[in-house]
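This report concerns only the one structure given below.
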Amino acid sequence: MKKDTHQFIQEYDGIAAFGMDRASDEETIMFYLQKFSEDAFMKALLPRLSDQELEEIYEWVNAYLKKHIPEDEYHSLFLKDR
């Protein structure tokens with residue numbers, strides 16, 4: 001069974017411009033992150049990153065997860081293992 005979805009990007013017809021208002025900023029971040037995480041793009045980008053850059057991305061993501069997502073949501077929403 002598929003657990004992961006990127007439905008937002010399939011339906012989004014906004015301008016993906018940051019700095020207009022909070023709602024547009026949130027939509028833009030969701031748009032960028034979903035485009036960023038596409039398999040084909042990741043396969044092109046990841047080999048080009050240094051070990052340090054990989055570590056920085058990993059640490060940045062984990063820092064925000066730990067700051068804003070409680071453990072139960074981390075498992076149910078992020079890992080989808082519960």
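No hydrogens, no waters, no symmetry mates; every other heavy atom, side chains included, goes into these values.
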Taking it one step at a time, do Lys66 and Tyr74 satisfy side-chain contact (heavy atoms from CB on, under 4.5 Å)? CA-CA 9 Å; Lys66 287 178 183 179; Tyr74 171 76; over 6 Å; no

To check you understand the geometry: which heavy-atom pair defines the closest contact between Glu53 and Arg48, and what is its length?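 Heavy atoms only, the tightest pair is OE1-O, 4.2 Å.
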
With rounding to the nearest 0.5 angstrom, report the CD to CG distance, Glu26 to Asp21.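 One finds 9.5 Å between CD of Glu26 and CG of Asp21.
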
As an exercise, state the distance from CD of Glu27 to CG of Asp13, rounded to the nearest 0.5 Å.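 It comes to 9.0 Å.
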
Just wondering, are more than 12 heavy atoms of other shown residues or ligands nearer than 6.0 Å to CG in Asp72?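 Yes, the 6.0 Å shell around CG holds more than 12 heavy atoms from other groups.
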
Within a radius of less than 6.0 Å around NZ of Lys67, do more than 12 heavy atoms belonging to other residues, nucleotides or ligands occur?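 No.
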
By the rule that ILVMFWY residues connect when side-chain heavy atoms come within less than 4.5 angstrom, directly or transitively, which residues belong alongside Ile15?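 Direct or chained contacts put Ile15 with Met20.
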
Hey, can you tell me if His68 and Tyr64 have their rings parallel, tilted or perpendicular (30° and 60° cut-offs)?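 His68 and Tyr64: parallel rings.
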
Scan the side chains in residues 28-47 for donor-acceptor partners under 3.5 Å anywhere in the protein, sequence neighbours excluded, and list what turns up.
from: Thr28; atom 1: OG1; to: Ala17; atom 2: N; distance (Å): 3.1
from: Thr28; atom 1: OG1; to: Ala17; atom 2: O; distance (Å): 3.1
from: Thr28; atom 1: OG1; to: Ser24; atom 2: O; distance (Å): 2.8
from: Gln34; atom 1: OE1; to: Ile9; atom 2: N; distance (Å): 2.9
from: Ser37; atom 1: OG; to: His6; atom 2: NE2; distance (Å): 3.1
from: Ser37; atom 1: OG; to: Leu33; atom 2: O; distance (Å): 3.1
from: Ser37; atom 1: OG; to: Gln34; atom 2: O; distance (Å): 3.2

Is there a side-chain contact (heavy atoms from CB on, under 4.5 Å) between Leu65 and Phe78? Walk through the geometry before answering. CA-CA 9 Å; Leu65 288 172; Phe78 187 74; 3.8 Å; yes

